[in-house]
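First comes the structure, then the notes that go with it.
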Amino acid sequence: MAPFFRIASIAAAALLSVPLIQASAIPAPVLTPQSSNPGLAKDEHFGILEKRGGIITSCKVPGTIALTFDDGPYMYTNHLLDTLKERGVKATFFVNGHNVGDIYQYDWVVKRAYREGHQIASHTWAHADLATLSYDQINTQMVQLDNALKSIIGVRPVYMRPPYGNLNSAATEYLNDHGYKIVKWRVDTNDWAHPNDVDQSFDAYKHAGGPGFIALQHDTYESTVNDLVPRAIDYAKSRGWDIVTVGECLGVSQDSWYRS
C-alpha cells in the first residue's frame, strides 16, 4: 500500500475508535406535570434557558439551598410555617390567587409567612400556562395577583415562577419588560406525582450532588408538609448547607424582593 493511503487508513481507524458523546450525557430537562410536552424539550433545558433568558435555577451564595413551594396558600401551609419556624428555616412561597385554595381565604397565612421573613413570590393568579396566553391574558394573570398581594402584605413580588415551568418568547418578553425575575429550579421532587411515596420525592435531595440548588415542592400536599419537608431539612443541615430564601441564596437584599 502506498504511504499516503496507509496514513489515511490509520487516521480513519483512529477517528472511528474515538467514542461518540452520547446525547444522554446532557441532562434532560426536568418538566413538571402538564409541561411534559416533547415539543418543549429543545428549549426547556434549564442550563440553556439560564443563559438565554435570565432564568434562575441555582443559588449564587456558596453552601446555600432554597426550599420553594408552589400552588398555595392552602390548608397545610400554616402547619408548614410551624415546622419552618421550629427548625429556624426560611423558604420561598410561589403563591397563586385562585388554585387549590383562594388567597383571600388564606390571606392570614400569607401575612404570617411574610411577617416571619419568608419570601413571597408570584405563580400567577390562576396557575395559567403563560405559553398559551395572549399579552393581555398574561397581564391579567400577573397584575391580578400583584394587586391581591399588595392588598394583603403591602407589596408586590419581583420574583415569579411560571406554572408548569412553561414559557415562550412572548411570555418571557412580557416578564422581562415588566421587571420580573424568573425562577425555575434545579431539583424537582415531583411530589405531586407520588404523594404517597415520600421516599421517591426525597431521593431528589439525595441525588442533588451538593448545595447550590433551588428545590421545588408543593405545600398543597399533606405528605410533603408532614414528612418530606422535615426530612429535607434534616438532610441539608446534616451536610452543613444553609437553607435560605431564593433572594438570600442569590445574595439579593430583602428590599429588592418586592416593589410597591
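Position 1 is the first residue of the sequence, and the numbers go up from there. Quick note: numbers below take in every heavy atom, side chains included, and nothing from hydrogens, waters or symmetry partners.
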Interatomic distance, [X] atom [atom1] to [Y] atom [atom2] [nearest 0.5 angstrom]:
X	Y	atom1	atom2	value
Ser122	Leu175	OG	CG	8.5 Å
Leu80	Leu228	CG	CG	10.5 Å
Leu216	Arg186	CG	CZ	14.0 Å
Asp191	Asn196	CG	CG	11.5 Å
Tyr106	Asp219	OH	CG	10.5 Å

Could you work out, with side chain to side chain donor-acceptor pair (under 3.5 Å) as the rule, every residue matching [X], not counting sequence neighbours?
X	answer
Ser253	Asp255
Arg259	none
Ser260	none
Tyr205	Gln217

Is Trp185 reachable from Val244 through a run of hydrophobic residues whose side-chain heavy atoms are each under 4.5 Å from the next? no
If hydrophobic clusters are built from ILVMFWY residues whose side chains come within less than 4.5 Å, do Ile153 and Trp257 share one? yes
Atom of [X], atom of [Y] and distance for their closest heavy-atom approach:
X	Y	answer
Ser223	Pro195	OG-O, 2.6 Å
Gly117	Thr245	O-CG2, 4.0 Å
Ala131	Leu167	CB-C, 3.9 Å
Thr92	Ala121	CG2-CB, 4.3 Å
Ala236	Ile243	CB-CD1, 3.7 Å

Please, which pairs that meet salt bridge (charged side-chain N to carboxylate O under 4.0 Å, His left out) have at least one residue in [range], sequence neighbours excluded?
range	result
residues 86-97	Arg87-Asp234
residues 239-254	none
residues 146-164	Asp70-Arg161

Would Leu81 and His118 count as a side-chain contact (heavy atoms from CB on, under 4.5 Å) here? Give the steps. CA-CA 9 Å; Leu81 292 173; His118 302 287; 3.6 Å; yes
Might you work through the ring pair (Phe, Tyr, Trp, His ring centres under 6.0 Å) test for Trp241 and Phe213, ending with a clear yes or no? CA-CA 11 Å; Trp241 304 343; Phe213 59 85; 5.7 Å; yes
[X] vs [Y] side-chain heavy atoms within contact, under 4.5 Å:
X	Y	value
Ile120	Phe94	no
Ser201	Thr224	no
Leu149	Val110	yes
Lys85	Glu116	yes
Val229	Phe69	yes
His218	Thr189	no
Leu145	Thr124	no
Ile214	Val187	no

Are more than 12 heavy atoms, taken from residues, nucleotides or ligands other than His98, located less than 6.0 Å from that residue's NE2 atom? no
Heavy atoms of other groups near Lys237 NZ, more than 12 under 6.0 Å: yes
Checking [X] now: which residues fulfil ring-ring contact (aromatic ring centres under 6.0 Å, His included) with it, not counting sequence neighbours?
X	answer
Tyr74	Tyr76
Phe202	Tyr235
Tyr135	Tyr174

Under the side-chain contact (heavy atoms from CB on, under 4.5 Å) rule, what do Asp129 and Leu133 come out as? Steps first, then yes or no, please. CA-CA 7 Å; Asp129 185 344; Leu133 303 184; over 6 Å; no
Can you list the steps and then say if Arg112 with Asp107 is a salt bridge (Lys or Arg N to Asp or Glu O under 4.0 Å)? CA-CA 9 Å; Arg112 178 189 173 186; Asp107 59 351; over 6 Å; no
Applying the side-chain hydrogen bond (donor to acceptor under 3.5 Å, both in side chains) test to His123, which of Thr68, Asn96, Asp71 qualifies? Asp71
Would you confirm whether [X], through its side chain, and [Y], through its main-chain N or O, come within 3.5 Å as a donor-acceptor pair?
X	Y	answer
Glu173	Ala170	no
Lys184	Gly165	yes
Gln141	Leu130	no
Asn190	Ala193	no

Salt bridge present between Asp199 and Arg231 (N-O < 4.0 angstrom): yes
Picking from Tyr180, Tyr159, Tyr114, what satisfies ring-ring contact (aromatic ring centres under 6.0 Å, His included) with Tyr258? Tyr114
May I have the step-by-step check of side-chain contact (heavy atoms from CB on, under 4.5 Å) for Cys249 and Lys60, ending in yes or no? CA-CA 6 Å; Cys249 92; Lys60 292 183 178 179; over 6 Å; no
Please list, chain by chain and in numerical order, all residues satisfying side chain to side chain contact (heavy atoms under 4.5 Å, CB included) with Gln144, sequence neighbours excluded. Trp125, Thr140
With sequence neighbours excluded, residues passing salt bridge (Lys or Arg N to Asp or Glu O under 4.0 Å) with Asp102: none
Test side-chain contact (heavy atoms from CB on, under 4.5 Å) applied to Val252 and Val158, step by step: CA-CA 12 Å; Val252 177; Val158 169; over 6 Å; no
